[in-house]
Amino acid sequence: MEKESPDALEKKVKERREGLPELPNAEDGKVVLRFAPNPNGPLSLGHARGVVINSELANMHDGEVILRFDDTDSVVKRPDPAAYAMIEDDFTWLAGREPDRIVRASSRMEIYLEYASKTLAEEHAYVCQCTGEAFKEFRVSKTNCPCRNRKVEENLKLWQEMNDGTILPGGAVIRIRTDMSLPNPALRDWPALRIQHTDHPIVGNKYRVWPLLDFQSAVEDYLQGVTHIVRGKDLMDSTRKQTLLYEKFGWTYPETLYWGRVKVHEFGGFSTSQMKSDIAGGKYSGWDDPRLPTLRAMRRRGYDAGAMRKFWIDLGLTQKDIAVPLSTLNSLNAKAVDADAPRLSFVREPCAVILDISETGMQQVTLPIHPEHPGKGIREWPLEDDIIKVSIARDDMDSSGEKRLKDFADIKITSEKAAEGLVGEVTRTERVGNTPIIHWLPENMAQSAILLVEEDGELVAAEGLLEINDYPDGTIIQLERMGFAILEGLDENGARKMVRLHA
RNA sequence: GCUCGUAUGGUGUAGCGGCCCAUCAUGGUGGACUCUCAAUCCAUCGACCCGGAUUCAAAUUCCGGUACGAGCACCA
């Protein structure tokens, strides 16, 4: 009765792991992750990895994701008050749900300062008044800095002076007392808080001493009960520094995973601060300028959140530094968007051709809305007169000879009338041979339109004629022979506006 | 300089000592289909950084080398 052959039994098929690997030491339902951007601008494609990985991992383990704004620096990476809401919005769009908790570091300052004075009181830290230069020498020579021996009372007094403004920025810093002979120089008495008198965009001048990332993040992860941290491998030493602090308090450090650097080839050199100044300088129209790698810009162009999630999940969670072409994302996005994208004809830089169609006997042309989904219906282009005027793209005029107007007829250009345009002649309506197919529009089906497209870094508004349609704004369409675009209202001249997505 | 990390087809990725003459995706090539330069379909190309060691058996473990990357900020 054994139906399977012994061979089949031995040859079990090896399963390929789908999606992300399971989190180590994860108890379903109790996992807490966090995504912690600096709110100095909206999220970009690079941040998307953090949103996707963390939210996906939380989904897999029935856990929570915290969106934490690490806004403790008001000098180097100054927070943008408008960024908080943009980031929440970006997060929700990409993750497909809202973060379970939202934490703003700047509104938790009292807590951080309390922990800071506690580390001082318990001799886990000290006030260091050396200059950065001076301390660097102690660090490389593995020698203790003189401030290290200060008594607790003295430290507390200086701490007071740091907080009341007596000590100016740069005058002192709080260092965690680790061990100056540690082999890894990055860990030797690392700085935890510094003085900042620059007003904070959200909380103003209320605080004079602000925590650095390693301290703020360490304390907050503990308070929030974060169980797993996924971060860039450039933060490996942060993990080590923070673990040293956790040990002092008797806390257990979360499981930590790392990813390597990713470079998306087409979006090579964009940083949030660079984009910000370029927008201010008028180089870009705003955060949603189609040339930018921000989530807002990509969303505006028609990128699908699910495709973007798949993109990052497929790249996985490895520590390799990788460079991926945008075409990989585009390929996933095309798959996500194609089935719902109605086909339309767009004639860029149109030129008119006069045609006598009386011999064809055709009164209308019918085309599918989507060639693979006939159920979506058809498009009908009425051809009302014997002499009609059609438009074809200037680019399609380049080569001479016959052309086939898609789904209609083969034509050839016979002459040119200065006023009216070109004059053509229908040679046949049936499809024979392989006459090059071009797309076109009859005059009564054409409305003026512009297509916003990036060409060599410039945003070009390509003028042309779009097939008349009543799809609402935001509809992703496929322009036949050109690629995907999204409908976006009317421009100042009343022309239908489109933004190009990708091929 | 010190410390840490990574190395599988063009690009990503799976692989946790024998199911591996290595997975999947993307890409390239050829073909089929198609009144879109899209989509679909079929076929095909193409990789375990190098050298030792352990083992009956290594992409998988260990050691050394090389390459690349990161940290050593009063940024995050």
Side-chain angles (χ1 to χ4, degrees), chain A residues 10-18 21 36-40 70-78 105 128 130-132 135-136 139-140 142 169-175 182-188 190-196 209-210 212-214 216-217 231-241 258 260-262 265 272-273 310-311 313-325 327-332 334-335 338-339 341 343 345 365 367-368 370-373 404-410 429-432 434-439 478-484 503:
Chain A
E10 281 172 20
K11 270 192 178 173
K12 43 180 181 181
V13 187
K14 187 178 284 182
E15 299 262 321
R16 180 175 205 272
R17 203 201 74 225
E18 287 291 333
N38 177 316
N40 60 343
D70 280 349
D71 57 349
T72 55
D73 173 65
S74 45
V75 179
V76 183
K77 290 181 180 168
R78 197 173 165 76
C128 175
C130 301
T131 62
F135 190 83
K136 187 174 183 178
R139 182 168 48 233
V140 302
K142 300 187 178 185
V173 75
I174 303 295
R175 290 188 181 282
L182 251 18
N184 186 342
L187 311 185
R188 296 171 196 158
W190 54 270
L193 299 98
R194 81 320 203 168
I195 303 170
Q196 261 186 169
V209 182
W210 287 79
L212 268 342
L213 170 84
D214 287 315
Q216 179 272 134
S217 180
R231 55 166 51 136
K233 67 175 182 179
D234 52 314
L235 260 26
M236 279 182 163
D237 284 342
S238 260
T239 301
R240 299 180 183 107
K241 286 187 237 179
Y258 306 94
R261 293 191 96 78
V262 176
H265 189 247
T272 304
S273 47
K310 183 162 172 41
F311 173 74
I313 290 169
D314 285 353
L315 290 187
L317 197 40
T318 67
Q319 292 186 27
K320 265 163 74 172
D321 296 324
I322 55 178
V324 279
S327 57
T328 303
L329 206 210
N330 289 346
S331 160
L332 292 171
K335 281 183 177 62
D338 179 77
R343 269 50 176 174
S345 185
V365 173
L367 314 98
H370 189 122
E372 286 158 75
H373 300 92
R404 181 161 185 86
L405 303 187
K406 186 172 174 295
D407 291 297
F408 179 45
D410 288 2
T429 54
E430 64 278 17
R431 177 76 169 131
V432 293
N434 52 357
T435 318
I437 292 169
I438 63 174
H439 58 282
Q478 193 200 66
L479 303 175
E480 292 186 325
R481 296 173 66 238
M482 300 178 81
F484 296 96

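Naming: A, B, ... by sequence-line order, numbering from 1 per chain.
Each of A:Leu235 and A:Val140 was assigned the nucleotide of RNA chain B with the nearest heavy atom; the assignment lying further toward the 5' end belongs to A:Val140.
Within 4.0 Å (heavy atoms only), A:Thr318 reaches sugar-phosphate atoms of the nucleic acid but no base atom. Nucleic acid contact class of A:Ala323 (heavy atoms, under 4.0 Å, all strands): sugar-phosphate only. As judged by a 4.0 angstrom heavy-atom cut-off over every strand, A:Pro371 is placed among the base-contacting residues. Base contact: A:Gln478 has a heavy atom under 4.0 Å from a base atom. Contacts of A:Gly260 with the nucleic acid, taken as non-hydrogen atoms under 4.0 Å apart, are absent. Across all strands shown, A:Thr435 has no heavy atoms under 4.0 Å from either base or sugar-phosphate atoms. Counting any heavy atom pair closer than 4.0 Å across all strands shown, A:Ile322 reaches sugar-phosphate atoms only and no base atom.
Remark: RNA chain B forms stems of 3 or more consecutive Watson-Crick or G-U wobble pairs, all pair distances under 3.5 Å, at B:1-7 with B:66-72, B:10-12 with B:24-26, B:27-32 with B:40-45, B:49-53 with B:61-65.
The base of B:rU3 does not come close enough to the side chain of A:Arg240 for any donor and acceptor atom to sit less than 3.5 Å apart.
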### Protein-to-nucleotide contact annotation, 5' to 3' order, nucleotides 26-35 of chain B [B base; S sugar-phosphate only; - none; under 4.0 Å, heavy atom]
S--------B

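Taking atom P in both B:rA25 and B:rA43, the straight-line distance is 12 Å, to the nearest Å. A distance of about 16 Å separates the C1' atoms of B:rC63 and B:rU55, rounded to the whole Å. Rounded to whole Å, the C1' atom of B:rA59 lies 7 Å from the corresponding atom of B:rU8.
Within a 6.0 Å radius of NZ in A:Lys406, other residues, nucleotides and ligands contribute more than 12 heavy atoms.
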### Task
Test A:Arg343 against A:Asp338 for salt bridge (Lys or Arg N to Asp or Glu O under 4.0 Å), laying out the working first.
CA-CA 10 Å; A:Arg343 269 50 176 174; A:Asp338 179 77; 2.9 Å; yes

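OP1 or OP2 of B:rG71 has not a single side-chain nitrogen or oxygen of A:Lys241 nearer than 4.0 Å. Distances shorter than 4.0 Å separate some side-chain N or O of A:Thr72 from OP1 or OP2 on B:rA76. Side-chain nitrogen and oxygen atoms of A:Arg17 include at least one within less than 4.0 Å of the OP1 or OP2 phosphate oxygen of B:rG15.
A salt bridge does not link A:Arg240 with A:Asp214: every distance from a Lys NZ or Arg NE/NH1/NH2 to an Asp or Glu carboxylate oxygen is 4.0 Å or more.
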